Trainee: 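Below is the structure I would like to discuss, written out as structure tokens.
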Amino acid sequence: MPMVRWVFLVNGIVQGVGFRPFVYSLAKRCGLRGSVINTPDGVEIDVEGEQASIDNFLKGLKEEAPRLAKIEDIAVKQLEPIGREDFTIGQTQRSSTADALVSVDVTICQDCLGELFDPTDRRYRYPFINCTNCGPRFTIIKDVPYDREYTTMSVFPMCPACSVEYHDASDRRFHAQPNACPVCGPRVVLRDSSGGLLKEGDAVAAAARLLREQSILAVKGLGGYHLACNALDNDTVGSLRERKIREDKPFAVMVRDIGQAREFCEVSPEEAELLSAPARPVVLLRKKDSMLAEQVAPGNAFLGLMLPYTPLHYLIFEQIDFPLVMTSGNLSDEPIAYEDTDAFMRLGQIADYFLTHNREIRRRCDDSVTRVYRGREYLIRRSRGYSPAPVRLSRQTEQILAVGGEQKNTFCLTRGRYAFVSHHIGDLENLETLEAFEREIVMYRKLFHVDPEIVAYDFHPEYLSTKYALDLPGIRKTGVQHHHAHIASCMAEHGLEGHVLGVAFDGTGFGPDGAIWGGEFLYTSLTGFERIGHLEYVPMPGGAKAIREPWRMAAGYLYKQFGPGWKSRKEVRFLAEKNGMVLNALEEAMEKWINCPPTSSMGRLFDAVAALIGIRDSVNYEGQAAVEMEQRALKAPNVTKEKYCYVIDDSQSPLVVNTGEIILGVLADLAGEERQNAIAYKFHVTVKDMVTAVCLRARERYGENRVCLSGGVFQNMLLLDMVQRSLEQNGFQVFVHRTVPANDGGISLGQAIIADERRKTGCA
Ligand code: ZN
Ligand code: ZN
Ligand code: FE
């Protein structure tokens, strides 16, 4: 048999995921000789042997790759055989960009899980068991390259047994950087609320006992602390709410397995798969009637569930049979605590005990939140387990930094076909978050070898991300309108070029005319946009205050509709309940447009209707009124096609959707004792109808059939489904988000792609 030699260059996520040991054993099995090394672009495999064996090898490469590996393409070349004797794993080329794609943090794998519960294994019940297929990655990295000495594991020298595994190319723990065991690795301890040591040995058993006895525990996880308690115990969950100062915003719950998930929620096969994915996100599911404490997600039709993802979680669930509230370790809107001293300071008032350990978390990384829409994933927060894995683009990009928005901030770096969208950074007005933002940009640049030549930012002059971008020395800058970024982000996900019709509905975005935009129809390309139309401007009395107090928005709409007579609407409850002086002051402010910015926001229209029909005067978490509108609509007794009137005024350009008739219709239904649920449903139908009508006109005018839906309002699944269906029935091709969120967590991707296109077409 003639010998042949082939070289395979494998691209994708193939480093730090156990790929080389896999190649090693596969080559051995196929009887091949040669070598495998990490290169700047991926992995290079050089093999010789009989052609049939090489064919087998290639088949195995594609079909049996480790679960964390993602092969994107394989380039091949044939060379002359050099008669090698053995197969070897070469050293990584450290000087290069060898760590191009750093792995995400990954839930414990089946092999490690087996060992964790095997009494004969030397890591039996060891909470830090891991291997090349699983364990912490991104959250323990201090610097590049990804090597133990640059992780927070550097303070734990490996014992001889661990060291043998680490250096054995055929071992599951070959170059597993966080490798550890009970002899040499980190330890879990139980501490009281002021940090005093309570228990070192069987800390988990003690913690489980405390959870059973109604205690609230702070538990150190992968990217930060959780606050945990029995999710069946309404009193304890209620006191967690009080201590955390979190009134209504739902808590996430960790269940032991899919079976337990099904006790509390409807779980489709797609949802089960998402729950079990290596990223282990929080998955929003339809709640069932169950024993779950009402206080977990008060009045909510959905519940966020996740499965255990660290060995420590599994060890806790070995000892308890109830689900756990697992909410982020913070006070109300603060960022979650991830450093131990900070955690004791900030969470000491909330948690009774701390189940903690001495493996340092290097960076805060919140749980990711996701759901299934039409059988596929629809992300809400892209963070732990997803970032820093890149979003794959359909184009070659320049090196760009996009700094994102202000709320739910993420930033994005691009290079080649990759967009490195950061993990969830949070709300930048918080100093701690702002510092993380600046620090992480530096880190991502290093990790992914991006040296940006352009920085893209939001037009809002007060966004701290904008200020940061404008202060960067020696780099070209390009400003992007907020809703343009939303639509471009959706385009980037789907690789769309040319023009699309964009429907961008959210709460707030800076408009170039000085108004607050948020109910926008845009004819969009990747370089610019034309505003097709928008909701009519109404005063937003009190500015940002109106976001927390939806009744102010309702007042704005009533004033717009009725002028000075707005206060006499007897059917509106808050008008009867509010102090007359307050209403008079508000009227005066609206009359003179003092602290009353005009807004076209769809989020605010949802707020106004919610307040008018008495669902909610004020909110205690972002988007609450709109969330409750959706919940009410879902409970509507029968699905109707009835809708409120609205008027599309296209005598001007951009066209304006007059909403006055909607307000009148809602008031009429209110007087006629129409139930809240039915009104909420009818309102959804109205918005769906309006979107369709405007898109039809836009299609006539621009000849464009593709529609992208983006912005935080499209986290409303009822609305999203109604709108998509209606547009499709009218022959539109509809694109929705999948890999980045529709909310402001997604706009950095849009900004980046716009900057790239402007750079290429010379518009920047
Ligand atoms: Zn493992
Ligand atoms: Zn060891
Ligand atoms: Fe937005």
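Atoms within a ligand are numbered from 1 in the order they appear, just like the ligands themselves. Keep in mind that this is a model prediction, so the values were computed, not measured.
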Trainee: Would you say the ring centers of Tyr463 and Tyr457 fall short of 6.0 Å from each other?
Mentor: no

Trainee: Is the distance from the ring center of Tyr468 to that of Phe437 below 6.0 Å?
Mentor: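 Ring-ring flag for Tyr468/Phe437: true, centres closer than 6.0 Å.
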
Trainee: How about Phe411 and His423: are their ring centroids closer than 6.0 Å?
Mentor: no

Trainee: Just the protein N/O/S atoms under 2.8 Å from the Zn ion (ligand 2), please, no waters.
Mentor: Cys159 SG, Cys162 SG, Cys181 SG, Cys184 SG

Trainee: For the residue pair Thr524 / His499, report whether a side-chain donor-acceptor contact shorter than 3.5 Å exists.
Mentor: no

Trainee: Considering residues at least two apart in sequence or located in another chain, which fulfil the side chain to side chain contact (heavy atoms under 4.5 Å, CB included) criterion with Pro461?
Mentor: Phe510

Trainee: For Asp333, I'd like to know if atom CG has over 12 heavy atoms of other residues, nucleotides or ligands within 6.0 Å.
Mentor: no

Trainee: Give a yes or no on whether the ring-centroid distance for His534 and Tyr537 is below 6.0 angstrom.
Mentor: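 Yes: the rings meet the under 6.0 Å criterion.
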
Trainee: Which protein atoms of type N, O or S are found under 2.8 Å from the Zn ion (ligand 1)?
Mentor: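 Those protein N, O or S atoms (cut-off: under 2.8 Å from the Zn ion (ligand 1)) are Cys109 SG, Cys112 SG, Cys131 SG, Cys134 SG.
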
Trainee: Verify the ring-centre separation between Phe317 and Tyr314: is it less than 6.0 angstrom?
Mentor: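 No, the ring centres sit 6.0 Å or more apart.
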
Trainee: Suppose we call two aromatic rings close when their centres sit under 6.0 Å apart. Are Phe505 and Phe521 close by that rule?
Mentor: yes

Trainee: What about Tyr126 and Phe128, are their ring centers closer than 6.0 Å?
Mentor: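 Yes, they do, as the ring centres are separated by less than 6.0 Å.
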
Trainee: For the Fe ion (ligand 3), report each protein N, O or S atom nearer than 2.8 Å, sorted by chain and then by residue number.
Mentor: His482 NE2, His486 NE2, Asp506 OD2, Asp744 OD1

Trainee: His486 vs His482 aromatic rings, parallel, tilted or perpendicular, using cut-offs 30° and 60°?
Mentor: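 If you compare the ring of His486 with that of His482, the planes turn out perpendicular.
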
Trainee: Taking all heavy atoms of Cys109 and all of Cys131, pick out the closest pair and write down the distance.
Mentor: SG-SG, 3.7 Å

Trainee: Under a 4.0 Å N-O cut-off, is there an ion pair linking Arg384 with Asp367?
Mentor: yes

